[in-house]
Amino acid sequence: MIYLGCHLSVAKGYEAMGKTICSFGGNTFAFFTRNPRGGKSKEIDPADAAALAALAAAEGFGPLVAHGSYTMNLCAADPVTRSNGADMLAKDLARMAYFPGSFYNFHPGSHVGQGIGAGIRRIAAALNGALTDAAPTVLLETMAGKGSEVGGAFEELREIIDRTDRRERLGVCFDTCHVWDAGYDIVGDLDGVLTRFDRVIGLDRLRAVHLNDSKNDRGSRKDRHEKLGLGRIGMDALRRIALHPALQGLPFILETPNDDAGYRREIAEVSGWFA
Ligand code: ZN
Ligand code: FE
Ligand code: FE
């Protein structure tokens with residue numbers, strides 16, 4: 001079985017996203033916890049969040065996958081940017097109390113010239129400052145390794161986890177476009193990549209998947225998502241990923257460049273693989 005959905009806009013509220021994903025044929029979704037580029041967050045209406053939780057329970061949704069802001073860089077060189085990031089993270093994690101059982105996924109950060117090691121240490125320090133006993137499960141996203149992004153290699157994510165005190169709260173979100181762009185051959189050797197993931201991080205940490213095709217070749221480090229089947233990963237490989245025994249029962253989120261009709265089509269296509 002699969003929990004499947006796409007990234008949705010929070011503009012009309014939380015229950016509205018639940019209704020939208022039902023109408024698309026999905027049973028999970030992703031949403032930004034705040035403006036993805038501007039960093040501002042709107043107050044959450046508790047009644048709206050409760051209505052979503054009721055709908056999700058009634059419809060048997062899988063875990064929702066909230067996404068942190070792109071502007072949040074926990075390992076920025078500039079201390080002001082870094083403390084803004086830490087502040088965003090703490091507030092986002094507190095807001096997740098409105099969405100029990102959901103995951104909070106974010107891009108670890110870009111070290112902008114400080115080096116991978118310094119980036120990893122800063123990210124872990126920020127997590128140590130923000131993770132409380134009340135925190136949700138927090139997912140580090142596998143990254144394409146674009147620019148100075150941290151998280152393009154599984155080892156980097158592992159080191160962040162190792163340096164975090166409350167590591168029982170940490171998991172990983174496996175973004176197929178990013179992993180491919182980072183150089184992992186999920187087309188020719190999916191089993192090998194997942195074995196590697198298991199050895200380095202542990203498959204028990206793999207808690208969600210971003211199912212995307214890529215506009216670019218393996219190892220390009222570009223991070224340009226493509227519609228399913230129209231990119232360099234291709235539909236056969238995406239199908240093998242969705243059906244892989246090691247990934248069953250996880251929420252799969254489409255972050256493909258689609259309008260509503262396109263997402264409906266992709267959800268129908270992927271659901272069909274499980275029929
Ligand atoms: Zn992401
Ligand atoms: Fe992603
Ligand atoms: Fe991406």
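We count ligands from 1, going down the list as the structure has it; atoms in each ligand are counted the same way.
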Nearest to the Fe ion (ligand 2), which N, O or S atom of [X] do we find?
| X | answer |
| --- | --- |
| Glu141 | OE2 |
| Asp175 | OD2 |
| Glu255 | OE1 |

Regarding His107 and Asn105, is there a side-chain donor-to-acceptor distance under 3.5 Å anywhere? no

Going by atom types only, do His244 and Asp191 share a side-chain donor-acceptor pair under 3.5 Å? yes

Please find the N/O/S atom of His225 nearest to the Fe ion (ligand 3) and write down its name. NE2

Of the N, O or S atoms in Asp223, the one nearest the Fe ion (ligand 3):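 It is OD1 of Asp223.
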
Whether Cys177 has an N, O or S atom under 2.8 Å from the Fe ion (ligand 3):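 Short answer: no, not a single N, O or S atom is under the cut-off.
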
Does Asp204 have any salt bridge (charged side-chain N to carboxylate O under 4.0 Å, His left out) partners at least two apart in sequence or in another chain, and if so, which?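 Counting only residues at least two positions away or on another chain, Asp204 forms no salt bridge (charged side-chain N to carboxylate O under 4.0 Å, His left out).
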
Backbone or side chain, does His210 get an N/O/S atom under 2.8 Å to the Fe ion (ligand 2)?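 Checking His210: at least one N, O or S atom is under 2.8 Å.
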
Taking 4.0 angstrom as the limit, do Glu269 and Arg265 come out as a salt bridge?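 Not counted as a salt bridge, because no side-chain N and carboxylate O are separated by less than 4.0 Å.
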
Going by an N to O cut-off under 4.0 Å, is there a salt bridge joining Arg232 and Asp217? yes

Pairs involving residues 75-89, ordered by first then second residue, that meet side-chain hydrogen bond (donor to acceptor under 3.5 Å, both in side chains) (sequence neighbours left out):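 Listed by first then second residue: Asp78-Thr81, Asp87-Lys91.
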
